[in-house]
Structure formats: structure tokens, C-alpha cells
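So the structure is just underneath, and the comments pick up after that.
Numbered from 1 within each chain, the chains take letters A, B, ... in sequence-line order. Because the structure is predicted, anything quoted here is derived from the model rather than measured.
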Amino acid sequence: MKCSIPKGTRDFLPAEMARRNYIFDTIRQVFRSFAFEPIETPSLENLSTLMGKYGEEGDKLLFKVLNSGDFMEGVDFGQDYRKVAAQICERGLRYDLTVPFARFVVQHRDQITFPFRRYQLQPVWRADRPQKGRYREFYQCDADMIGSTSLLNELELVQMIDAVFDKLGISVTLKINNRKVLAGIAELIGAPDKLTDITTAIDKLDKISLDDVRAELRDRGLSETQITALDPVFALSGPAEEKLAQLAQLFANNAVGTRGVEELKELFGYIALVQPRCTVELDLTLARGLNYYTGAIFEVKAQGVSIGSICGGGRYDNLTGIFGMPDVSGVGISFGADRIYDVLTELDKFPPDLGQPAQVLFINFGAESMPYCIRCAAQLRSAGVSALIYPEAAKMKKQMEYANRCHVPYVVFVGENEIASQTLTVKDMATGTQTTVTPDQLLQEILHA
RNA sequence: GUGGGCGUAGUUCAGCUGGUUAGAGCGCCAGAUUGUGGAUCUGGAGGUCGUGGGUUCGAGCCCCACCUCCCACCCCA
């Protein structure tokens, strides 16, 4: 039979896992250093938890799971497929980690101390068509703080982004904007209900021309005067402080916009204090599709690699409100581990010495030497050194080739002489040099290498 | 969901305007080399040419459908 895996999913070989774990370990280390605690949530959520949280597109991209048993009972299959789906699928695979986290907070509020900081490294699923940097199953690495409106949280997220990509050796640009500013702009031109249309159109400004954005706004139902009214926004220029000063004037009579500008001023003030290594920009064209963001929004792009954003996030003021716990603000970021993997691969920035199954391989010369080998291997392992006895008394060449291919740095030979003298003949596979030492000496050499 | 490209050995690919028995590099297995890997040499195994249908005396090659992977759009990590 022919075997395969579903479209957009992947197997990971040991060498890939070593690299993936390097990314996960780096991110986890940074999260912990900022006092975040881990949680996990189930792959499956009730669809009622997920539907309607990600916009119209998001609902389409949700993987829905068919009910168990006779899912056809009492269902009218003559109606619209979406209505049928709603009746025969009660659960779906999670689309991101933020919405399940909001559900988690509401459900476990009695066991959580606020402000609560959690991190979560788990796969999410989207029924998207796969392409470069886009998978149907991929890992997100989220850190969120909930129960605090302080912009110090935003600052810490910026510092974490800076720390992670600095450790990974990726040069990145962090783009920051604020949804309140975008909302202010929408109000300013008299189209507050068109906020989503305006933001998604403006979001494309780095891909398509200003005229094309205007055309798209026209298609989305904005009048010519409204589109013209956006011109001062497109005309903004200069460093963050200048843009914000210009915006503040535009928003003289607009409360939401003014609040957004104030938040950005405060955040950029903090950022100036910490001097991040990455490039930080105020990008008023940054919108982000997820419609639950209400304040700061973040997006990170790798410099010199044409792949989508590798990290994104923002503040959401009322995500828990949907689940019956209003007035709890949260802010968080999500690192896209798979895209970071692709970036590191393209830039050839992975450390070269990742993934080495065994540090020591004992060559198998037959049953007589096994008791001694077993004892020595056990001693190495209990000291934290990974050791392996070749399971068959195969030809030397085969065993050596195995060691070579698995990148085992030390190969041990045990024959009559070694057993008699309670020593090991050790070959350093990189240099080819061979020495006879006691098991203790080998241990010390490896531990201090 | 829309549009484009690809699919031949484990893998990367070649295969002429349609014409005998579909090739190469790498990898794999064995040997040269019975306590020493990477290098070299020799030999060997391995393919329903993505799947199904059609055109033809004859299809890896042409036509249709489906599938996969890749790329772009939409959207996003």
C-alpha cells in the first residue's frame, strides 16, 4: 500500500527535531526568564469557542471534526453546507493559542493569580492551502499576560522578541502600531463601521501601490471623499516621535485616536530606555487580520528573507468577555516556530553541532566482552553521558560506519586486553587518535570537553 | 476558495518530432580489507514512468479527469 500524510502536515526526522528543539528551547528559556509559566490546552475545542473569533476568513480555515456516532440523525442535509456543518461538527482543531487561552482563563479564574503570565508551545491547525512558509499544522509559541493594562507589559514583550531573535542570531524588524489609532482614523473619515475594511486594505501597503490600496478601499465601499480624507495619514513621515506628533494634531478632536497616540508615545518612550538590538518601527500601515486586537499590535519580519511574519501579537481588551468575564485586558505575542525554522535554514544560522544521539559507541566484539561493556556503559549513562552498545557483533567496518554516520564522537573498543586491565581503548572519531584509558578517565574527558 | 507549475529508481535528475529491453550521479547491499570509519576500485540489487481513462500499429512523451507537492492570490505564524 501507498502511505502518506495529510496535505500540509509534516514528519520530522531526528536531525530536524534537534533543530526544532533548539528553537523551542531558546524561546522557552526567554519566556521563563520573564517569569511566564507554562500551560497546555487540548487540540480540540468546542467549535462554539472558536467560531467568530478570527473574522470571516478564520471561520473558513477552521478544521471541523465530525461528530461521533450517527451524526446524520435529525439533520436536514438540504440546507446550506455551513448550517449542516454546524450541526454535524461540534468540535474543531484550535486555530491559535490566544482564544483557547482566553477560554482557559475564564474557566480557571479561581485558580489563577492575576496578573497572570503564561506561555504555551503547541501546534495549531489551519485549513489553508499550503505554500512557502505556510503549513496546515504548525507550532505557535505564545506568551501572554492577562489582567493588567500597563504598557510595561508591551515593553516586556518587545524585550522578549529582541532577546529571542538575538539568541537565534536573526536580524529582525519589529513593527508596532495601535488599533486605537486605526479606529481613530476610521472615525476621522466618518467610517467607523469600515474599520476592518480600512485596516485590511492599508495592511497591503507594503505589497501593493497606494493607488491599488485606494482602489481596494473603493471596492470595499468607501466614498471618494473618505478615501481622500486618508491622505494625511499616508503622508505621515519621519521617525516615530514625529509621526506621532503629526497624528496627535489630526486627532485633536478624536478621543480614541488620541488615546492610541498616547499609548504609542508611552511605549516608544519605554523602548528608548531599553535600547533593543533589533530595528523597531512605528508602522501605521500595520493592521493584522485578527479582529480581537484593540490596542498595541506587533509584527516581526526577518531581514533579508522573503517569508511572512515570524512573530506577531497585540493587546485584546475583551477576549475573555466573550466567555463571560468582562473587563480583563490581555496582551501577548506568538512566535511562529516553523517559519523561524525556515528562516534559520535559509540564512544557514543553525548551530552546527545540534543533534548527536550518542556520545560514546561501544563496538560489539561478541558475548565475552559484553558484561564489561554493559557495566561501563551503565557507568557513563549514570554520569549523564549518552552511551550505546552496538547490538550485533557485526563487522567492524559496519559498526564504524554506523558511528560515523550518527556523528558519534567517541568509539570504544573492548577486547581481552582492555578487560584484563579494566581499561577502554577510545578512538576520537574527529581526529582519529586512539588512547587507552580507564572508564573514569573517559568520563572526565567527555564531561570537560 | 481562485490561478499557475511539477510529478520517471531510496534521492537528485536525464530521457530527442511518439518507435526495440527507460538511463546517469549520489545513496543502498556485497567484495577488495577476519580489531578500525570518512577516500578509491570492482560487482550487485532497485522503476505498475503519480492514479485512472482516451488517441495511436505503438505512449515516459499527445489529450481528458483526479491526486500530490511546489508557487502566487486571498489570508496568515
Side-chain angles (χ1 to χ4, degrees), chain A residues 1-10 23 27 54-62 81-82 94-98 121-142 161 196 199-201 203-204 207-208 212 216 219 286-291 297-302 306-314 332-343 361-366 369 390 393-418 425-434 436:
Chain A
M1 88 173 243
K2 240 186 335 188
C3 49
S4 64
I5 52 176
K7 185 196 273 248
T9 65
R10 296 153 299 157
I23 296 169
I27 291 171
Y54 308 107
E56 215 176 303
E57 274 309 307
D59 284 355
K60 284 187 204 160
L61 298 180
L62 280 170
Y81 76 97
R82 301 178 70 172
R94 75 165 97 80
Y95 178 91
D96 73 354
L97 301 179
T98 309
L121 278 49
Q122 287 194 278
V124 302
W125 292 268
R126 296 183 189 177
D128 225 349
R129 184 170 291 205
Q131 57 177 281
K132 185 182 170 74
R134 177 171 302 184
Y135 308 98
R136 284 186 161 177
E137 177 183 58
F138 62 96
Y139 273 73
Q140 290 195 331
C141 309
D142 277 37
I161 289 168
T196 310
T199 53
T200 49
D203 196 36
K204 292 176 188 164
K207 275 190 179 178
I208 62 177
D212 289 338
E216 176 147 352
D219 290 343
L286 172 64
R288 297 190 56 77
L290 296 176
N291 56 16
I297 41 182
F298 305 103
E299 191 162 288
V300 178
K301 289 205 165 176
S306 63
I307 199 165
S309 59
I310 53 177
C311 177
I333 45 167
S334 180
F335 291 85
D338 304 80
R339 283 190 177 173
I340 292 172
Y341 184 101
D342 292 343
V343 168
L361 174 75
F362 286 78
I363 297 291
N364 188 325
F365 285 120
S369 59
Y390 197 87
K395 285 187 182 173
M396 171 81 20
K397 181 185 172 71
K398 197 176 171 86
Q399 299 193 42
M400 292 300 287
E401 269 178 355
Y402 180 85
N404 204 41
R405 266 182 237 181
C406 296
H407 304 109
V408 179
Y410 298 101
V411 167
V412 167
F413 305 93
V414 170
E416 290 173 26
N417 296 342
E418 285 84 0
T425 294
V426 181
K427 177 161 184 162
D428 181 327
M429 291 298 276
T431 63
T433 56
Q434 208 160 297
T436 298

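- The base of B:rG1 lies outside donor-acceptor range of the side chain of A:K60, with no N or O pair under 3.5 Å.
- Distance from the side chain of A:E57 is smallest to B:rC75 among B:rA77, B:rA72, B:rC75.
- A salt bridge is defined here as a Lys NZ or Arg NE, NH1 or NH2 lying under 4.0 Å from an Asp or Glu carboxylate O, and A:E57 with A:K60 meets this definition.
- Side-chain atoms of A:E418 and A:T425 form a donor-acceptor pair, as typed in the model, at a separation below 3.5 Å.
- No hydrogens or angles were tested; on distance alone, a donor-acceptor pair under 3.5 Å links the side chain of A:R134 to the base of B:rC75.
- You won't find any donor-acceptor pair under 3.5 Å spanning the side chain of A:Q399 and the base of B:rU36, going by distance alone.
- Considering CZ of A:R126 and OH of A:Y95, their distance stands at 4.0 Å, rounded to 0.5 Å.
- Here the separation of B:rA14 from B:rC74, taken at their P atoms, is 32 Å to the nearest Å.
- A gap of 31 Å separates the P atoms of B:rA22 and B:rC67, to the nearest Å.
- Note on A:R126: every side-chain N or O is 4.0 Å or more away from OP1 and OP2 of B:rC74.
- Of the candidate nucleotides B:rG1, B:rU36, B:rC76, B:rU36 has the atom lying nearest to any side-chain atom of A:F413.
- B:rC61 sits 16 Å from B:rU21 when the P atoms are compared, rounded to a whole Å.
- When distances run from any side-chain atom of A:R129 to the nucleotides B:rA77, B:rG37, B:rU2, the shortest one goes to B:rU2.
- Which of B:rC29, B:rA72, B:rG37 sits closest to the side chain of A:R405 comes down to B:rC29.
- At distances below 3.5 Å, at least one donor-acceptor pair connects side-chain atoms of A:R339 with backbone N or O atoms of A:S309.
- Applying the 4.0 Å criterion to OP1 and OP2 of B:rA72, one finds that A:Q131 has a side-chain N or O inside that range.
- The gap from the P atom of B:rC69 to that of B:rC28 amounts to 28 Å, rounded to the nearest Å.
- Checking B:rG38, B:rC76, B:rC69 against every side-chain atom of A:K7, the shortest atom distance belongs to B:rC69.
- Relative to the side chain of A:S309, the nucleotides B:rC75, B:rU36, B:rA77 differ in distance, and B:rA77 lies closest.
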